Amino acid sequence: MTAAENVCYTLINVTNDSEPPSEVSLKTDLEKGEIKAKTEALKKVIIMILNGEKLPGLLMTIIRFVLPLQDHTIKKLLLVFWEIVPKTTPDGKLLQEMILVCDAYRKDLQHPNEFIRGSTLRFLCKLKESELLEPLMPAIRACLEHRHSYVRRNAVLAIYTIYRNFEHLIPDAPELIHDFLVNEKDASCKRNAFMMLIHADQDRALDYLSTCIDQVHTFGDILQLVIVELIYKVCHANPSERARFIRCIYNLLQSSSPAVKYEAAGTLVTLSSAPTAIKAAAQCYIDLIIKESDNNVKLIVLDRLIELKEHPTHERVLQDLVMDILRVLTTPDLEVRKKTLQLALDLVSSRNVEELVIVLKKEVIKTNNVTEHEDTDKYRQLLVRTLHSCSVRFPDMAANVIPVLMEFLSDTNEAAAADVLEFVREAIQRFDNLRPLIIEKMLEVFHAIKTVKIYRGALWILGEYCSTKEDIQSVMTEVRRSLGEIPIVENELKKEAGEVKPEEEVTAAPAPKLVTEMGTYVTQSALSTSRPSKKEEDRPPLRGFLMDGDFYVAASLATTLTKVALRYVALAEDKKRQNSFVAEAMLIMATVLHLGKSSLPKKPITDDDVDRISLCLKVLSECSPLMNDIFNKECRRSLSHMLAVRLEEEKLSQKKESEKRNVLVQADDPISFMQLTAKNEMTSKEDQFQLSLLAAMGNTQRKEAADPLASKLNKVTQLTGFSDPVYAEAYVHVNQYDIVLDVLVVNQTSDTLQNCTLELATLGDLKLVEKPSPLTLAPHDFANIKANVKVASTENGIIFGNIVYDVSGAASDRNCVVLSDIHIDIMDYIQPASCTDAEFRQMWAEFEWENKVTVNTNIIDLNEYLQHILNSTNMKCLTPEKALSGICGFMAANLYARSIFGEDALANVSIEKPIHMGPDAPVNGHIRIRAKSQGMALSLGDKINLSQKRTGA
C-alpha cells in the first residue's frame, strides 16, 4: 500500500506561499525556545513531514525537549506528530527511540486530566505497530473504569480498534466490553460498546439486546441508531429473526429523534411488506417531512415516499394516505411542493379524488389572498396544472374546478392565467355538458382580463363555442364594451382635443346594464387622474391593447367576430337582424383597420394583420357555405385532433411507466423459498447500510455495460510515452462533484527515483483539493497516486501537469516529465430532463448565451442524425415522436437537459436533407444552443462539434 493510499485521520491545511525553515533553526527553537516558539516549530515540523521531508535528526530532540512538557496544545500537536512520523527503520524494525515514546504515553494514560487520557486513547486507535501497543494494554483496560465518560468511551474505541487489528493483544475484548455494557449508564459509552459488539461478536450484541428490548424506546438516540443497524443486519442475514425484532422497530418509529425515525422506517420497509408495516413507515415519513424545517431533509424523505410508491403492492396503501401527504403543502419551498403535488397526482384514485380537489381548490384560493411572493405565481401554476390533470382523468370533477379557476383568467401573472386558459379550452372541447357553465363564467371575467395573450385566447374560445343567440349577443356586447365608443380614431382625436369628457363617452355604451359598472370604473379613474399623462387608464382593455400597437389581438378579434356572425346568420330568422349584426361586426373590423393605419397607436398595424382582417371582411360580405364550414368546423376539428393526440401520448407514457414497475415472472422461472435458501445465496436485497457507506465514500459500484467500450478501460488516459523514463496513465473516476484521478506511475529505469512527485494544475472551474505526496520508486517498480479534484460548474475542464523526481546518487538537478492534458468531459454532469413547451420558450427568451453550431456530418438520414446527437449530448428530445415521423426533407426539434448543478441547457436542431444533391447527400443545417452561462453553451457546442460525424460510417 503506497503512502498516498494510507487512511488519513488528520487533515491539515498548509499555506503554499510560506518559506520552509531549515532543520538547524527548528532544532534551536525546539531545544531553547519558549512554549510558544516550541509550538510554532512543532507545527512547522509536522507540515514538512506531511510534504515528504524525513527530518530524522529532530526525533531525539523532540523526545528530550518537547515530550516531557505538560502544555495541552503541545501534547495535542505531539499526537499528530507521532501519527505521521516514520516509526520504523528501512528494514521494517521499530526505532529504538519509540520505546521512550511508549513510556511517555503509558504515563499519559494514567494522567489525572481526563482530556489528556481521552485524546491519548484516540491517538492509540491510529497506531498500527503492535510492539508499541503491547506495553500499554493494562493502562488501556484500566481506563474502562475511569470516572469520566469521555475517557471510558474512547477506551472502548481503542479496545475495538486494537482487537480488530491485533486480536492476540486482547483476545477477551468482546467479553470485557459486554460486561462493561451491562453496567454502563452513559449513552455515548453504551453506543460505542454496542457498536463494537455488533462488529466483533454479534451474538453477544443480540443477547444484550434481548435482555433490554422493552426498554429500547428509553435509550438515547445514538444508541437507538446502532440498534436499528444491528436489527437490519441480523434480519438481512437471517430472515427467520424478523418476527423477534419487528416489534422493536415499530416502537422506534415513535422515537423523539428524527434520525432514528427515518432509519427505523427504512428498515421496517425492508423487513416487511405487510400493509400495516408500509402504512406505519409512510406515516412516519410524512410526519418527518412536516416537522423537519430543513428543505433538504424534506426532499430526501419525499424521495423515500416516491420509492415506496414505485412498488405496485405498496401503491394502494399509500393511496389511503394522500390527504396526509397533502399536509406537506404547508411548506413554502416550491421544490418540495412540486414533488408533493406530483406524488399526490400519481396516487389519486376515484376513491380520494374528490377530497384532493377540495384541498387543491382551497390552496388555489389561498394563493390569491397572500401577499405576492416570487414563488406564489409558480405555485399557483403548479396547482392549476394538477387540477387540470385531475379533471382530465376524472371528468366528474371538472364542474367543481372550473368556476374557481376561471377567476384567475384576470390574474396579472400571465403564466398562471395561460395554464387556466389551456385547461378551459380542453374542458370546453371534451365536456359538452359544461359548455354553458364555461361560457357564462368566461363572459363574467372577460372584461377583467389584463394581459393581451389571455385576451386573445378568451376571444377564440368565445368565438368557437358560443352557439345560442343570447350568448352571441353577449359576446358582441362585451367586445363593444372592451373597445369603447367607435369609430375609434375620431373618438381618440376628440378626447385629445378635449371635446369628449370620459363621463360623456361612457353613456354611449350599448348595453344599459353595463353602464353602471363601466360608469363607476371610469368615474373613479377620472377622479383619481386629473393629469393628462394618465389618460391610458381610462381606456377599455381592448382599446388599450390596440393603442399600444398590438394588432395581433385585432386579427384574433376579426376571426371571432366572423365566426359568431356566420353562426348568428344561421340562427336568426329575421333578415334585418342578420344584416344588422353582420354590419356591426364589419364596422368594428373597419374601425380597427382605420386605427391601425392612423398615427395614433404606438406601432402601426402589420401587413399580416391587415390581410387577416380584410379576409374576414370579405368572408362576411359574401357569407359563402365553404367559408362557413372552414371557420366554424375545421378549427374545432384541428383542436379535437390535437387533444386526442396529446391524450394518446399521455396514455402511452403511463403505460410505459406501469410496464416498468410491473415485475414480470416467466412461466419457467425458479421459485425461491426463503426457508430453503442458503445464507450465501440470499442476494435478493443488498445491504443498505453498506451501500450508503460506499456512496458516501464515492465507491458506488456501478453495473458496467456488456460493451467493453463502456468499461473502466475507456476512461484511462495515457499521460506519458512508452519511451519516457517514467510511464504514467490515469483512470478518471467522476463522482458527481468530485473527480478522482487514479494515476499509475511506472519507473522504467534501472535507478531508484526519489521524491517522485505528481504536480498538477487545472484550467476551468476545477480545483485541486490536495497536493499528492512524494514517493520513492525502486528500479522497475510502480505505484498508484490518487488526486482529488473538485468541480464547481458544468464546463469543459483541463487538468495538466508533470512528474518531477531525483535520481538516487546523481548530482544533477531534478528531472521532469511533462504529462499529456486530461480533458474532463461535460457529459459526466449533464442529465436528460423534461419541461413544458411554455417553460422551454420562456427559458429560450431569457438565456443570453447562444452558440450556433453548423451541421457537418457524414450521416445521411435526419432521424438517425437526431438520435446520434441525443446519444452524444445526453439531452432529451421534447418534440413528440409523431411530429418527427414521416419523410419531408427537413426536421426541427427542441432538446433539453439539466446539469447536476441545476444549470439548464436548451438546443434547437434545424436540419434538412438536400434532395437536389442526391440520396447519399449528408444532412445539413444548424444547431442552436442556449444556456445561462457562457461555459455551458460553449462546452456543449464543442461536444456536438466533436461527435457530429459517425465513426466507422
Side-chain angles (χ1 to χ4, degrees), residues 275 278-279 282-283 285-286 289-290 302 305-331 336-368 379-408 416 419-438 441 643-644 646-658 661-662 836:
I278 302 303
K279 189 172 183 178
Q283 196 71 59
Y285 280 146
I286 294 165
I289 299 167
I290 293 164
L302 264 173
L305 274 176
I306 292 165
E307 277 176 25
L308 271 183
K309 179 210 70 176
E310 296 301 322
H311 200 289
T313 55
H314 298 166
E315 190 172 4
R316 190 168 176 81
V317 178
L318 286 175
Q319 282 176 354
D320 298 334
L321 297 172
V322 166
M323 300 314 292
D324 291 326
I325 291 169
L326 287 176
R327 287 162 57 205
V328 179
L329 292 177
T330 52
T331 307
V336 174
R337 285 171 159 177
K338 194 174 181 179
K339 275 196 173 183
T340 306
L341 284 172
Q342 188 56 52
L343 178 61
L345 194 57
D346 290 343
L347 293 172
V348 73
S349 66
S350 54
R351 290 178 297 149
N352 53 28
V353 66
E354 201 168 333
E355 293 172 317
L356 175 73
V357 166
I358 290 168
V359 172
L360 294 181
K361 275 164 64 179
K362 283 180 184 171
E363 286 293 317
V364 169
I365 293 162
K366 267 191 219 167
T367 62
N368 205 25
Y379 180 45
R380 195 179 300 151
Q381 270 182 273
L382 282 175
L383 289 168
V384 169
R385 285 177 190 171
T386 310
L387 283 167
H388 182 175
S389 302
C390 283
S391 302
V392 171
R393 282 169 60 184
F394 305 96
D396 297 348
M397 291 295 113
N400 298 335
V401 172
I402 286 166
V404 177
L405 289 188
M406 287 187 73
E407 298 293 332
F408 290 96
D419 279 337
V420 174
L421 196 70
E422 191 180 326
F423 170 41
V424 169
R425 185 185 67 181
E426 188 168 347
I428 203 169
Q429 170 64 24
R430 282 199 177 157
F431 314 128
D432 293 346
N433 57 324
L434 295 177
R435 281 182 191 172
L437 171 70
I438 295 173
K441 292 296 292 183
L643 292 175
R646 189 186 292 174
L647 191 66
E648 197 180 319
E649 279 176 11
E650 283 176 12
K651 282 181 179 172
L652 199 67
S653 64
Q654 282 174 4
K655 191 179 175 185
K656 281 181 184 173
E657 281 294 315
S658 61
R661 282 158 50 191
N662 288 340
T836 63

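In this text the structure is predicted, and so the values were computed from the model without any measurement.
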Would you please name every residue forming a side chain to side chain donor-acceptor pair (under 3.5 Å) with [X], sequence neighbours left out?
X      : answer
Thr386 : none
Glu363 : Lys366, Tyr379
Glu354 : none
His388 : Glu426

query = Which is it for Leu326 and Met323 under the side chain to side chain contact (heavy atoms under 4.5 Å, CB included) test, yes or no, and what are the steps along the way?
reply = CA-CA 5 Å; Leu326 287 176; Met323 300 314 292; 4.2 Å; yes
According to salt bridge (charged side-chain N to carboxylate O under 4.0 Å, His left out), who are the partners of [X], at least two apart in sequence or on a separate chain?
X      : value
Glu355 : none
Arg385 : Asp419, Glu839
Arg327 : Asp324

task = Identify, with sequence neighbours excluded, every residue that meets side-chain contact (heavy atoms from CB on, under 4.5 Å) alongside Lys362.
result =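 In terms of side-chain contact (heavy atoms from CB on, under 4.5 Å), with neighbours along the sequence ignored, Lys362 is linked to Ile358.
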query = Can you name the residues that form a side-chain contact (heavy atoms from CB on, under 4.5 Å) with Val357, not counting sequence neighbours?
reply =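 Expected list: Val353, Lys361, Leu387, Cys390, Met397, Val401.
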Donor-acceptor pairs under 3.5 angstrom involving side-chain atoms of residues 341-351: please list them, not counting sequence neighbours.
| unit_1 | atom_1 | unit_2 | atom_2 | d |
| --- | --- | --- | --- | --- |
| Gln342 | NE2 | Asp346 | OD1 | 3.2 |
| Asp346 | OD2 | Lys309 | NZ | 2.8 |
| Ser349 | OG | Arg351 | N | 3.4 |
| Arg351 | NH1 | Asp320 | OD1 | 3.2 |
| Arg351 | NH2 | Gln319 | OE1 | 2.9 |

query = What residues, two or more places apart in sequence or in another chain, satisfy ring-ring contact (aromatic ring centres under 6.0 Å, His included) together with Phe394?
reply =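 Expected list: none.
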